[in-house]
Amino acid sequence: MDRYNSKVIEPKWQKLWEKNNAFKAEIDQTKPKYYVLEMFPYPSGKIHMGHVRNYAMGDVIARYKKAQGFNVLHPMGWDAFGMPAENAAMEKKIHPRTWTEANIRDMKHQLKPMGLSIDWSRELATCDPTYYKQQQALFIDMYNSGLVKRKSSSVNWDPVDMTVLANEQVVEGKGWRSGAPVERKELTQWFFNISDYSEELLTSLNTLSGWPDKVRTMQTNWIGKSFGAEISFNLLEPLNHFKDVKVYTTRPDTIFGMTFLAIAPNHPIAEELAKINEKIADFCHECTNKTVNEETLETTEKKGFLTKLEVRHPFLSNKKLPVFIANFILMDYGTGAIFGCPGHDQRDFEFAQKYNLDIIHVFVSEQSEKISNDGNEKVVLGEGRVINSDFLDGKTTMEARKLVCDKLKEKGNGSYKINFRLRDWGISRQRYWGCPIPMIHCQKCGLIPEKKENLPVLLPEDIDFENPGNPLERHKSWSTVQCPSCNEEAKRETDTMDTFVDSSWYFLRFTSPNEDKPLSQEALNYWMNVDQYIGGVEHAILHLLYSRFFSRALVKTGHIPEKFKEPFDALFTQGMVCHETYRDSNGNWLSPEEVFHEKNGNIRKLSDNSLIEKGPSTKMSKSKRNVVDPKDIIEQYGADTARWFVLSDSPPDRDIEWTEAGVEAAWRHIQRVWRLTKEIIEEGAAASNTNEDEKLEKLRNQAIEKVSKGIETFSFNKSIANLYEFTNSITKSKASKILKIKSVETLAKLMKPMTPHLAEEILQMTSEQLDYEPDTNWPVADPKYLKEDLLILPIQINGKRKAEIKIDSSASEDIIKSETLNNETVKKYLGNNQPKRLIIVPKRIINIVV
RNA sequence: GCGGGCGUGAUGGAACUGGUAGACAUACCAGACUUAAAAUCUGGAGGCCUAAUGGCCGUGGGGGUUCGAGUCCCCCCGCCCGCACCA
């Protein structure tokens, strides 16, 4: 018996699809559209299993919707700007463009054999001038609409390489390449005013019902709206022009528990003090010389510096409070200063213990009443009833918050304040390989946007990475230009844009990728929104939040209609692809090809037979060498097998464990379906058996229902389990040949989104048998086969399953009751007693309490 | 540190809104076919006790709500993701 030969069959269908332009998406007003999009990849040069999983999922949706009659848009492109190209340029002396373009070619070659239903005519790369030209036009419009600003912010500075470092390039406080201690440097940079949209981005999350709750929660917390108070504390003795310190707090109700005040090391007052006190200067320098990264800040030891300044408590005129400069206060959040209440804040508590400050409790909560009785050494969190607080005593903490704010307002040294954690989006990058910011600095005219007719501002090709610093900054003939306004010599902006800008509108551009303006209204109106967006959770906040902001910016600049301000109707976040890790006795990581598994569970190294230690399964990564190359898998087993496997074993939103055994199971199933089809076609016509036919027909319809539901709910693993079951059913069925062929045909149609090549091949075979053109429409279940006439109801006695009864689904409760009480097992348990309670959950279960 | 998520047999997982825990698949065991192996097919199987019928235990750990908890609530443990210049 011959086998399903993926090497022959898969290319055959792929060629046919290509010849027929099967996946070309064109506007067709007579059909409903469906836009499915997977997050476009960074062209690293190699497709990895994560991509395969991502695109396999997207393809299931695309092919499913297409079979249902939708006009499907399923495009692909490249997130092609970014640091790795510059790193390659430095390490391998290849131009970033050469490197990137070669990678795109390679990855496309690796992607093609997967047989994805992608409209390649819409392919785009963000590093292509035709793309970034339009992005520059958008930037200029945003600039003119007041969505862009410049302000100072700090960066990680490598003093040896004379370059700005990304957070990931800072390893233990040192530059990854130079090893020099990283400094913090203030630069004037470009920002998008995303914080103007904090409220809007927050409230609109409610409209995103197609998004996972977890992503909406994460964005909510990231935006971080809080209700609190801004309080000014008067300095006992003014410091130059500084007369008070403004503090933002969400807990004004704990004001009487305040025992110190702390300001950020880069707070203006701290900077003022640093000018006159060397020790303070040193301390501030030490604090601010860390990475500009919140995680480092939060996990480093809390330190403070006691200044000579003191502030007055707003309600206790003779209470003086010390002012600290503390390394855990963020200048970017609130006012860059806090009041410390060690009795009710964990961080303040630790700080107070370290510096021997008073700990005053000003409220008790029901659960923690005893804490306040036994010596005041604990932090009481949450809400409660106020104590030790003058006019607030006896109030709830909620009431106290309002009272304090009212009183402060009356006294003129405070007010209610709503605060957001979300900061403006810094888009400046001091790098070559990004979209140039189309702005010109003119001595006379100031900042001027480049004229639109001069776009794109092309990246110069003749650059070198031999010298430290930014190649654009060094490239004088490129950066020297005429001012568009006064024609005097001026300087081009040398910052390029954050790559998140590129990815904030590519999904819009896909609707009209070749237009010589940013977007086409006709195409937008037909194709938008993205009906289903699929990508990793790691993008839950930044990419998705920036895209939501960018859409609003494009509404404001008139590029897209208001109705597309939330561009992604539904979002799905898929899990990672993991593999076990292996280490030899020297602690070196080994790749899966370098080891073999023995039957007894031992793992040995192929080269010298030495015993290998199995590590935990982690995300496939180069550094741990636990990568399986999709290319090898597709060559060995075929695309259908690879696709089937990545969809089969785990729920799509969870991590999947790549196993050799799993792939083989997938391969066996492909072979089995193929063989089954052949066998059915070749078998003689059996005498018809109505009963058997009816049974199979019922299973066929149930399979349609279950598999469709699985796809609709992104439970591909369940659809696949149902397809295994249906395959088993057909194999065992004694139904007539014609019905078995019909069943195999349905099986192929249901499998087609996952294994399109196999499905096409089978449909061709079955249609020859049934003597009609292959029909690839999605099958529809007949509802009459979906209801069960006879139910098996389990009977529990005291919550434990003891028996079951078979009963007609239309049976009344009385009948169920009498049947239950007549059951032998039930009688045995009841004896002569009456049941205490009899609970009948319709169509589910019966529980008897005895 | 903060924010989000996950935890079920030997393994990946299933169990719709609180209602038969372990579908489906893998590994394993037995049988058929074979000179043999592979492939394929058939069957078995959560753990413990029992000859069997049956009983007890069991969804990371501890407690709670309920007639009934993998699912809801509280506390704890472990792992993963994000933390604003990786993409």
Taking only N and O in the side chain of [X], is any of them less than 4.0 Å away from OP1 or OP2 of [N]?
X	N	result
A:R423	B:C85	no
A:S648	B:A25	no
A:R668	B:A25	no
A:R421	B:A84	no
A:N167	B:A84	yes
A:S650	B:G13	yes

With a 4.0 Å cut-off on heavy atoms, is [X] in touch with a base, just the backbone sugar-phosphate, or nothing at all?
X	result
A:N728	sugar-phosphate
A:G82	sugar-phosphate
A:T299	base
A:I846	nothing
A:G426	sugar-phosphate
A:S428	base
A:R431	base
A:F500	base
A:H669	nothing
A:P41	nothing
A:Q189	base
A:K800	sugar-phosphate
A:K802	sugar-phosphate
A:K718	sugar-phosphate

Could you measure between the two [atom1] atoms, the one in [N] and the one in [M], and give it in whole Å?
N	M	atom1	result
B:C86	B:C81	P	16 Å
B:U8	B:G61	C1'	15 Å
B:G44	B:U34	P	24 Å
B:G62	B:U53	P	30 Å
B:G47	B:U42	C1'	27 Å
B:U71	B:G18	C1'	6 Å
B:C72	B:G19	C1'	14 Å
B:C75	B:A87	C1'	39 Å

TODO: May I have the distance from A:Q671 (atom CD) to B:C41 (atom P), rounded to whole angstrom?
DONE: 11 Å
Counting only Watson-Crick pairs (N1-N3 plus N6-O4 or O6-N4) and G-U wobbles (N1-O2, O6-N3), all under 3.5 Å, who is the partner of [N]?
N	answer
B:C6	B:G78
B:C48	B:G55
B:A37	none
B:C83	B:G1
B:C67	B:G19

Open item on the list: Between A:W505 and A:Y131 (judged by ring centroids, cut-off 6.0 Å), do the two rings come close enough to count as a pair?
Closed with: yes
Task: Output field: ring centroids A:F328/A:F351 closer than 6.0 Å - done: yes
Is a side-chain donor or acceptor of [X] paired with a backbone partner of [Y] at a separation under 3.5 angstrom?
X	Y	answer
A:K225	A:L202	no
A:Q671	A:Y4	yes
A:S547	A:H543	yes

TODO: Quick one: do A:Q189 and A:D495 satisfy side-chain hydrogen bond (donor to acceptor under 3.5 Å, both in side chains)? Show the steps, please.
DONE: CA-CA 8 Å; A:Q189 306 206 67; A:D495 284 355; over 6 Å; no
I want to verify a distance call: between [options], whose nearest atom is closest to the [X] side chain?
X	options	answer
A:E294	B:A87, B:A84, B:C85	B:A84
A:D79	B:A87, B:U42, B:A21	B:A87
A:E295	B:C85, B:G1, B:A84	B:G1
A:N717	B:G1, B:C41, B:G13	B:G13
A:R654	B:A39, B:A14, B:A25	B:A14
A:L422	B:C24, B:A84, B:U20	B:A84
A:R429	B:C85, B:A84, B:A25	B:C85

Open item on the list: Short of 4.0 Å, heavy atom to strand atom, which residues of residues 214-222 of chain A count as contacting RNA chain B?
Closed with: A:K214, A:T217, A:M218, A:N221, A:W222
TODO: Kindly determine whether A:D424 and A:K151 satisfy salt bridge (charged side-chain N to carboxylate O under 4.0 Å, His left out), including the steps that lead there.
DONE: CA-CA 10 Å; A:D424 277 323; A:K151 65 178 179 187; 3.6 Å; yes
- [ ] Can you see which heavy atom on A:H51 is nearest to which on A:P41, and at what distance?
- [x] NE2-CB, 3.7 Å
All N/O contacts under 3.5 Å from nucleotides 65-69 of chain B to the protein, with atom names and distances to one decimal?
from	atom 1	to	atom 2	distance (Å)
B:C67	OP1	A:R837	NH1	3.3
B:C67	O2'	A:N847	ND2	3.4
B:C67	O2	A:N847	ND2	2.4

TODO: Calculate, to the nearest 0.5 Å, the distance between atoms CG and CG belonging to A:L165 and A:N156 respectively.
DONE: 6.0 Å
Open item on the list: As an exercise, state the distance from CG of A:D158 to CD of A:E183, rounded to the nearest 0.5 Å.
Closed with: 9.0 Å
Open item on the list: Please compare A:R347 and A:R672 by the position of their nearest nucleotide in RNA chain B and report the one closer to 5'.
Closed with: A:R347
- [ ] Using the closest heavy atom to pick a nucleotide of RNA chain B for each, name whichever of A:I792 or A:P651 lands nearer the 5' end.
- [x] A:P651
- [ ] Would you please classify the geometry between the A:H669 ring and the A:W644 ring as parallel, tilted or perpendicular, with 30° and 60° separating the classes?
- [x] parallel
Task: Any residue meeting side-chain hydrogen bond (donor to acceptor under 3.5 Å, both in side chains) with A:N728, in chain and number order, not counting sequence neighbours - done: A:R672
Open item on the list: So that I can tick it off, tell me whether A:E86 and A:R429 are bridged by a salt bridge, with the cut-off set at under 4.0 angstrom between side-chain N and carboxylate O.
Closed with: no
Open item on the list: Checking one value: the base orientation of B:G9, syn if chi is within 90 degrees of 0, otherwise anti.
Closed with: syn
Open item on the list: By the definition side chain to side chain contact (heavy atoms under 4.5 Å, CB included), identify the one residue from A:D498, A:I437, A:T496 that meets it with A:W190.
Closed with: A:I437
